[in-house]
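Before any comments, here is the structure.
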Amino acid sequence: MLSLVLALLAWLFFAFCYQGHLVYNQGLWLFLDTKEYFIDKVSHIGGLGDYIAIFLTQFNYWPLLGAAIIAVILGGIHFLLTLYIKKNGFARIWSQVALAVPFVLWILLCRKGELVTLPFGVLVAVALSLINLGNKKTSGLWLIILAAVLYFGFGLFPALTFFLLQVISYIPVKGEGLRSKKGLGFAVAAAIFVAGGFGVYKSADIGLEMDMRYTQAARNRDWTELIKYSQDKRLKRSAAMCNCVNLALANTIGGEGKSLLNSYALYSKEFGTGSLMLPEKYDQINACEILFNLGFISEARRCAFERLTSVSEDGYCGYWISRLAECALIDGHTELARKYLSILSHNFIYGYSARRLMAMSDDEIDGHFLYGRLRDMRITSNVSFQDRGLDFMLLAMLNEHQDNRMAMDYYVAFLNLSKNE
Amino acid sequence: MNKPAAVLLSLFVAVSCGTQVPENAVSGGNADIFPDYANVTVPRSIAPLNFRIRQNAEKSFAVLESDGVRLAVKGPDVELKIPAWRKLVADADSISVTIYSRMDGKWVKYDPFLFYINDDPIDDHICYRRIFPGYGAYRAMGIYQRELSSFKESLIFGHEDAGGAKANATCVNCHAFSSCDPSTLHLHIRGKMGGTLINGDVFNLKNPEEGGPNPTYVNWSHDGRFIAYSAEKVKQWFNSAAGEILEVADISSEILVYDVEANVIRKQPAIDSAKRVLMPVFGPSTDRIYYCAAEPQDSVDNVRYGLYSIPFNPETGLCYGESKCEISPEEGSVSFPRVSYDEKYLICAMGSHGYFHAWHKDSDLYLLNLETGERRALDEVNSDDSESCHSWSLSDRWIIFGSRRMDGLYTRPYIAHIDEDGNCSKPFLLPQKDTEYYLTSMFSFNLPEFINGEVEIEKERIFQGLKNPKQVNK
């Protein structure tokens with residue numbers, strides 16, 4: 001019952017309070033269904049755990065499902081620990097105490113970019129301990145082999161968990177006193193729920209969560225959703241939020257031929273020109289999104305590549321590879337685009353759209369509602385934007401493409417906002 | 001291998017693959033395979049040339065035949081085991097490859113092609129820097145080595161090795177060897193706790209002039225006594241237009257020579273300091289230095305490096321006399337000169353401007369005959385995209401170079417045979433076990449160099465050396 005409550009709470013938290021982080025994690029990793037990817041992952045200590053965790057993380061694309069997976073793992077750990085306690089004949093109160101384990105793992109999962117490697121490893125360790133309990137003839141050698149397999153597959157902590165549970169199972173059963181105090185169990189469970197909940201609350205970065213949601217909505221071009229978010233007056237505004245909302249406004253209101261100035265003014269004063277776009281050293285993700293939409297494809301590609309190489313050891317990061325593929329398609333670098341798309345085609349989430357883009361001809365790219373427009377808006381002269389402000393870049397764009405309505409809107413808004421700086 | 005054994009092997013392989021050559025196959029012209037290994041010349045010791053059959057077929061397989069040995073391998077990924085490959089190449093001058101594909105229920109036989117097997121000696125390893133072909137970040141960068149007869153790749157020194165932690169990760173570059181000798185590994189380790197690794201020790205190698213630019217591009221003398229450097233203050237920027245991504249130019253530069261035995265680094269006053277100079281290389285007899293030089297210009301688009309040489313006195317460690325123009329800057333912009341060990345040829349990269357040719361699409365390899373002064377583009381190995389960063393095998397019969405021909409961004413290592421007359425064969429891409437490796441790898445292979453054996457370094461010694469590097473006399 002406690003396991004079920006824990007799982008339900010975890011699901012509610014990740015599905016509704018932390019879905020931005022879930023989707024961010026999905027984009028941060030890229031699971032490939034190739035033999036080589038498997039071999040590469042499992043060939044280092046803890047690699048099997050990483051492999052499984054990255055596989056599971058792809059389902060964060062649908063936050064309700066991703067949250068359910070995490071909930072099952074956390075709830076499963078407690079459920080199996082309860083079984084373990086029961087089978088060993090320990091006092092029931094230990095089942096309530098065991099709630100602390102999934103709560104600690106839950107707190108760790110609140111960190112940005114965290115995979116479920118450790119919780120999954122612990123789940124496997126507890127499951128193996130449980131299976132092992134039924135086998136009274138287990139030799140020491142077998143236990144060492146299992147611990148070693150856990151160590152190589154899932155890392156040190158799951159192996160230690162397994163080892164510890166084996167040692168604990170040899171402790172003589174005592175605890176009749178505790179067994180009789182029914183109210184104590186409830187008190188302990190309640191205390192751990194409160195303490196764990198407080199821990200989760202303290203470790204969860206809700207400000208970042210909101211920024212992530214805004215960024216994802218911008219990436220998905222979900223402008224209506226973005227503008228809807230912005231109408232929630234309870235939220236403390238951040239520059240990142242303003243960047244995304246302004247991008248949404250530029251893509252919607254501007255498209256209908258209305259002036260953007262009022263909209264920008266509504267949303268911008270707090271951060272000055274930083275409301276339009278923070279310098280990329282502060283926010284490379286949104287800078288990339290804004291530059292891409294404004295037609296600065298080379299700059300967007302540079303941001304994407306820099307970001308990719310700073311967050312990934314192997315370069316497999318779905319969010320950024322898909323952006324690099326888009327930039328290559330727009331630039332007409334067909335072979336390069338094909339390379340990126342062929343990597344993405346090995347992934348369950350990105351595979352379909354990657355194959356669809358691979359099949360598109362150059363003429364179809366020209367006619368594409370977004371890629372075609374951005375292709376037309378590319379800057380043909382070589383201007384160094386290094387250490388230059390957004391206004392300089394926008395002017396360079398407008399010099400070549402007076403019809404870049406969004407660049408014009410951004411430029412006017414920039415001038416307006418910079419008056420007070 | 002004797003004939004009965006070959007026949008037995010052939011039967012075994014054919015049976016084990018369960019593949020029979022279809023009798024009524026229709027002709028399909030040239031097969032589409034990746035990498036393109038059709039009619040390449042390879043050293044006998046090379047690892048299996050695994051490739052993918054790209055025809056969209058229901059079924060496909062390749063039949064590889066050499067002197068009495070026949071191997072049928074199922075496609076589309078034609079991946080060969082090393083022992084079977086060794087038997088195939090053991091006595092062969094060439095291996096014939098025929099591809100069969102079944103499409104719409106009908107078998108198609110493609111025109112056979114050959115792998116030419118060559119016995120000219122090649123060094124058994126190569127060394128390269130594996131890096132994201134990015135802009136400023138240097139995560140996951142490392143100097144790697146790869147055994148040519150197998151697929152074994154190992155990290156020599158990674159970006160995390162200098163500090164031992166991700167937080168201290170730093171840039172490592174400019175690996176170089178004297179006469180392909182792995183024990184002479186030279187490496188710059190940048191960052192706060194930086195230094196230069198030479199022959200296993202870490203040195204604090206600086207410009208003898210206070211505030212002068214520090215050593216960058218490197219070349220060992222073949223006798224292992226001197227190291228020539230160009231020291232440059234560099235500016236890098238990114239292009240806003242589609243096409244070439246970044247550009248690099250020198251604000252100032254000079255040439256320095258480090259005397260390993262005397263532990264002294266010297267400026268070279270005989271070399272014109274008014275020009276931008278870079279990439280010095282020794283001639284094999286250490287009596288001449290070749291280098292690139294250009295007049296400074298307002299725009300990098302107008303900077304053209306010519307190739308020059310100047311006599312070098314090993315007794316004094318100094319260049320002397322007049323510089324001789326080997327390739328005029330009017331003929332193109334030269335970079336990366338590399339002299340063959342017999343001092344007969346020099347290969348350089350040439351493009352329209354600048355020297356950062358790995359990023360210039362128009363960069364091609366050129367061969368200069370140092371005896372006759374004749375120069376020609378190595379059309380046999382060049383492509384529409386960038387070729388540069390080449391090096392010679394110790395036997396002078398093989399070259400390895402980096403090319404971006406595959407997708408325009410990721411540098412891949414290609415090897416080509418070069419005969420005594422300077423004619424190259426069709427280059428082949430360094431084989432990998434996984435046929436999709438180069439299509440899915442996000443790394444570039446920079447500056448591939450041949451080495452004669454495996455590099456062995458003591459990381460703890462380097463780490464201690466970085467804390468307390470040896471001082472160099474000025």
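Given the structure is predicted, the values throughout are model-derived calculations rather than measurements.
- Of the atoms belonging to A:Ile321, it is side-chain heavy atoms, and not backbone ones, that fall under 4.5 Å from chain B.
- The neighbour count for B:Asp384 CG, taken as heavy atoms of other residues, nucleotides or ligands under 6.0 Å away, does not exceed 12.
- Counted within 6.0 Å of CG on A:Asp403, heavy atoms from surrounding residues, nucleotides or ligands total more than 12; the atom is thus considered enclosed.
- For chain B, no part of A:Ile330 is nearby; none of its heavy atoms comes within less than 4.5 Å.
- Counting non-hydrogen atoms of other residues, nucleotides and ligands closer than 6.0 Å to CE of A:Met358 gives a total above 12.
- Inter-residue side-chain proximity for B:Thr440 and A:Tyr37 is flagged as unmet; no heavy-atom pair is nearer than 4.5 Å.
- Separation of atoms CE (B:Met141) and OG1 (A:Thr309) is listed at 10.0 Å; rounding is to 0.5 Å.
- Once rounded to the nearest 0.5 Å, the distance linking CG of B:Asp407 with OG of A:Ser342 reads 10.5 Å.
- The 12-atom threshold is exceeded at NZ of B:Lys361, counting heavy atoms of other residues, nucleotides or ligands nearer than 6.0 Å.
- With a 6.0 Å radius and a threshold of 12 heavy atoms from other residues, nucleotides or ligands, A:Tyr61 has its OH atom at or below the threshold.
- If you measure heavy-atom distances from B:Glu247 to chain A, you find no contacts under 4.5 Å at all.
- With a 4.5 angstrom heavy-atom cutoff, A:Ser381 touches chain B only via backbone atoms.
- Heavy-atom distances place the backbone of B:Tyr438, and not its side chain, under 4.5 Å from chain A.
- More than 12 heavy atoms of other residues, nucleotides or ligands shown are found within 6.0 angstrom of NZ on B:Lys459.
- Taking the six-membered ring where the residue is Trp, A:Phe305 and B:Tyr410 present tilted rings, their angle falling between 30° and 60°.
- Of the two parts of A:Thr334, neither the backbone nor the side chain holds a non-hydrogen atom closer than 4.5 Å to a non-hydrogen atom of chain B.
- One finds the CZ atom of B:Phe238 at 6.0 Å from the CD atom of A:Glu306 (value rounded to the nearest 0.5 Å).
- Taking CD from A:Glu36 and OG1 from B:Thr435, the interatomic distance works out to 7.5 Å, rounded to the nearest 0.5 Å.
- Comparing A:Glu299, A:Arg307, A:Met393, A:His346 by heavy-atom pairs within less than 4.5 Å of chain B, the highest count is held by A:His346.
- Within 6.0 Å of the CZ atom in B:Phe34, the count of heavy atoms belonging to other residues, nucleotides or ligands exceeds 12.
- Closest approach of B:Met442 and A:Tyr340 over heavy atoms only: CE-CE2, 3.9 Å.
- With a 4.5 Å cut-off on side-chain heavy atoms, B:Leu439 and A:Lys339 do not count as touching.
- Rounded to the nearest 0.5 angstrom, B:Ser441 OG and A:Asp40 CG are separated by 10.0 Å.
- Summarising the local packing, NZ of B:Lys59 is surrounded by 12 or fewer heavy atoms from other residues, nucleotides or ligands at distances under 6.0 Å.
- When every heavy atom of A:Leu336 is checked against every heavy atom of B:Leu409, the shortest pair comes out as CD1-CB, 3.8 Å.
- Using a cut-off of 4.0 Å between Lys/Arg side-chain N and Asp/Glu carboxylate O, A:Lys35 and B:Glu436 are scored as not salt-bridged.
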